[in-house]
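Shown next, in structure tokens, is the structure this report addresses.
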Number of protein chains: 2
Amino acid sequence: MIERHLLKLRARDEISDEEERAIRAVVARAEEVPADKVYIRHDVLLDTCTLLLDGIMCRYKDLRNGERQITELHVAGDFVDLHSFTLKRLDHDIMALTPCVVAIVPHERILELTERFPHLARVYWFGTNLDAAIHREWELSLGRRTAAARIAHLLCELFVRLGLVGLATNKGYDLPLTQTDLAECLGLTPVHVNRMLKELREQGLVEFASGHVDIRNWEGLQRIAEFSPSYLYLERRSR
Amino acid sequence: MIERHLLKLRARDEISDEEERAIRAVVARAEEVPADKVYIRHDVLLDTCTLLLDGIMCRYKDLRNGERQITELHVAGDFVDLHSFTLKRLDHDIMALTPCVVAIVPHERILELTERFPHLARVYWFGTNLDAAIHREWELSLGRRTAAARIAHLLCELFVRLGLVGLATNKGYDLPLTQTDLAECLGLTPVHVNRMLKELREQGLVEFASGHVDIRNWEGLQRIAEFSPSYLYLERRSR
DNA sequence: CCGCCGCATTGACCTGGGTTATCGGCCACG
DNA sequence: CGTGGCCGATAACCCAGGTCAATGCGGCGG
């Protein structure tokens, strides 16, 4: 199942066979995480990283009144907390939005891996920088895009990211989240997400129902979202 | 002037004398950047990084209609584009908000530095992860905080970050930005920023006028912002 | 088979923040 | 030493999205 992770890495850089072997050897064990479980709590000292093999997890922060902001969604192939390798503790929580399977990688092994292969240090450094790029695009959405464009943009992003690891067809993808989950990504209320999903559906752009996203008009969807995948750094380039 | 950068690094980790010498040696040249100049444009291939020595720069993205979202502010001591070392091009623009002085560091030298000192690779990796943590906190602001809390939070963040590099007193700091600049950080309009600054002033929390921030009630300001500096990782810990 | 319960849907109404516009102060520049 | 442009301040009005409430419905434990 680590294949999706390698797909993600190889979409952006060359990974040699030796490096691949070293990456495969780094996983200590696999684990299942039930839906809705808070998997990592902020400010707890960590000594492992978590590679998501299946399911959807999210990073989120919340306010005292309980309002929650999801800051990034993670899909299979993503390290959900690679930044803990240098941060040592996280400034946010991580939870499973669906039932998940994860692989545990001790920091110690990442240390060895990156000291033995400085190139992989840069590949993984790139990985955390990619997360930051996604954060920036979300900041743009949250600060400036209208509700409909925000939703459209998120659905575009997931289409591309899931497609990269073989989890989307050319028509759509599975997304077993609730409208409330989406609202927490988008800085909106569930009610308004529902209204805007209806609008996108009526415009023939996308349909989101029973855990599945149907892309009806990819060009049109990208247009109203002002989506360009450039921030996902899909080109292969040596680090 | 690279001292502020070392202050920033040493607030979070040990930097040996040998490492310090290596860091100092890495700067190729200094440059001045006039206010309002777009210093780096998105999607342009880069082979240097830029260390901000003086002034304030920002990263921003914008929409077709010209609405702009600043995704992070940079102060003296920050690398404004360290992520370009692994990303090779940026997904956003970088501009000077005030007259600035920067030091140019070729990627090549960062490559040598990080291969020679794997510890510094982790220190700088940490640096970009810190930027991501700031992005996440801004996502929370943009998605969930009220306008007044958002402004208060930004002013708190800058107080701490500037204090760290010796650019704040216990009463406040210089911040030669316009209300429009703040609005672009906060996902608000300049008019509303003006209204909310008035409110914060009348509540005796902060005053922002003629390029200077006066903290009138630090406890109260943090309280309404729900500010906690934990996301700035101010503890010293070896990477 | 029943009764919850979580989720989606929709309508009616409200409000935080946006929009537009005007005015005054400051200062760089001719 | 005018004057035009930028910035801050404020007022009047507007609207995107929030709030509140009711309904429906599918899955599931008992």
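Every chain is numbered from 1, with letters handed out A, B, ... down the list of sequences. Fair warning: this is a prediction, and the values are worked out from it, not measured in the lab.
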| side chain to side chain contact (heavy atoms under 4.5 Å, CB included) involving Arg4(B) - partner list, sequence neighbours excluded |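 Arg4(B): side chain to side chain contact (heavy atoms under 4.5 Å, CB included) contacts with Ala76(B), Val165(B), Leu167(B).
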| request: Only counting residues at least two apart or in another chain, list the ones meeting side chain to side chain contact (heavy atoms under 4.5 Å, CB included) with Val105(B). | output: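 Testing Val105(B) for side chain to side chain contact (heavy atoms under 4.5 Å, CB included), a comparison that skips the adjacent residues, returns Val26(B), Val27(B), Phe79(B), Ile110(B).
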| task | Report, as a single string ordered 5' to 3', how protein heavy atoms within less than 4.0 Å touch nucleotides 16-21 of chain D: B base, S sugar-phosphate only, - not at all. | result | -BBBB-
Once you round it to whole Å, what is the distance between [atom2] of [N] and [atom1] of [X]?
X: Leu186(B); N: dG16(C); atom1: CG; atom2: C1'; result: 15 Å
X: Leu182(B); N: dA9(D); atom1: CG; atom2: P; result: 12 Å
X: Leu177(B); N: dG8(D); atom1: CG; atom2: C1'; result: 15 Å
X: Asp181(A); N: dG6(C); atom1: CG; atom2: P; result: 14 Å
X: Ile151(B); N: dG16(C); atom1: CD1; atom2: P; result: 15 Å

| Side chains of His192(A) and Arg195(A), donor plus acceptor under 3.5 Å |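 Side-chain D/A pair, His192(A) to Arg195(A): present.
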| field | Side-chain H-bond candidate by donor/acceptor type, Glu137(B) with His92(A), under 3.5 Å | value |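 The answer is no; no qualifying pair exists.
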| message | Roughly what angle, to 10°, lies between the helix axis at the start of the helix from dC1(C)-dG30(D) to dG30(C)-dC1(D) and the one at its end, five pairs per end? | response |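 The angle separating the two end axes equals 40°.
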| query | Of Leu186(B), Leu97(B), Thr98(B), which is the lone residue that meets side chain to side chain contact (heavy atoms under 4.5 Å, CB included) with Asp181(B)? | reply |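 That would be Leu97(B); it is the only one of Leu186(B), Leu97(B), Thr98(B) passing the side chain to side chain contact (heavy atoms under 4.5 Å, CB included) with Asp181(B).
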Check whether [X] reaches the backbone of [Y] with its side chain - one donor and one acceptor, N or O, closer than 3.5 Å.
X: Glu199(A); Y: Ala148(A); value: no
X: Asp214(A); Y: Val206(A); value: no
X: Arg89(B); Y: Ser84(B); value: no

| field | Phosphate OP1/OP2 of dA9(D): any Gln179(B) side-chain N/O under 4.0 Å | value |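 Gln179(B) to dA9(D) OP1/OP2: side-chain N or O found under 4.0 Å.
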| If only side-chain N and O atoms of Lys198(B) are considered, is one of them under 4.0 Å from the OP1 or OP2 phosphate oxygen of dT10(D)? |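 Checking Lys198(B) against dT10(D): at least one side-chain N or O falls below 4.0 Å of OP1 or OP2.
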| query | Is Lys171(A) close enough and on-axis enough to Tyr173(A), meaning under 6.0 Å and within 45°, for cation-pi? | reply |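 No, a cation-pi geometry is absent between Lys171(A) and Tyr173(A).
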| field | Residues from residues 202-216 of chain B lying under 4.0 Å of DNA chain D - heavy atoms | value |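 Contacting residues: none.
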| request: For this output row, return yes or no: ring centroids of Tyr233(A) and His83(B) closer than 6.0 angstrom. | output: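 Not under 6.0 Å, so no.
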| said: Of the listed nucleotides (dT10(C), dA9(D), dG8(D)), which one gets closest to any side-chain atom of Asn194(A)? | reply: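 Comparing dT10(C), dA9(D), dG8(D) against the side chain of Asn194(A), the answer is dT10(C).
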| task | Kindly state each residue pair satisfying ring-ring contact (aromatic ring centres under 6.0 Å, His included) with at least one member in residues 35-74 of chain B, sequence neighbours excluded. | result |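 Qualifying pairs, neighbours excluded: none.
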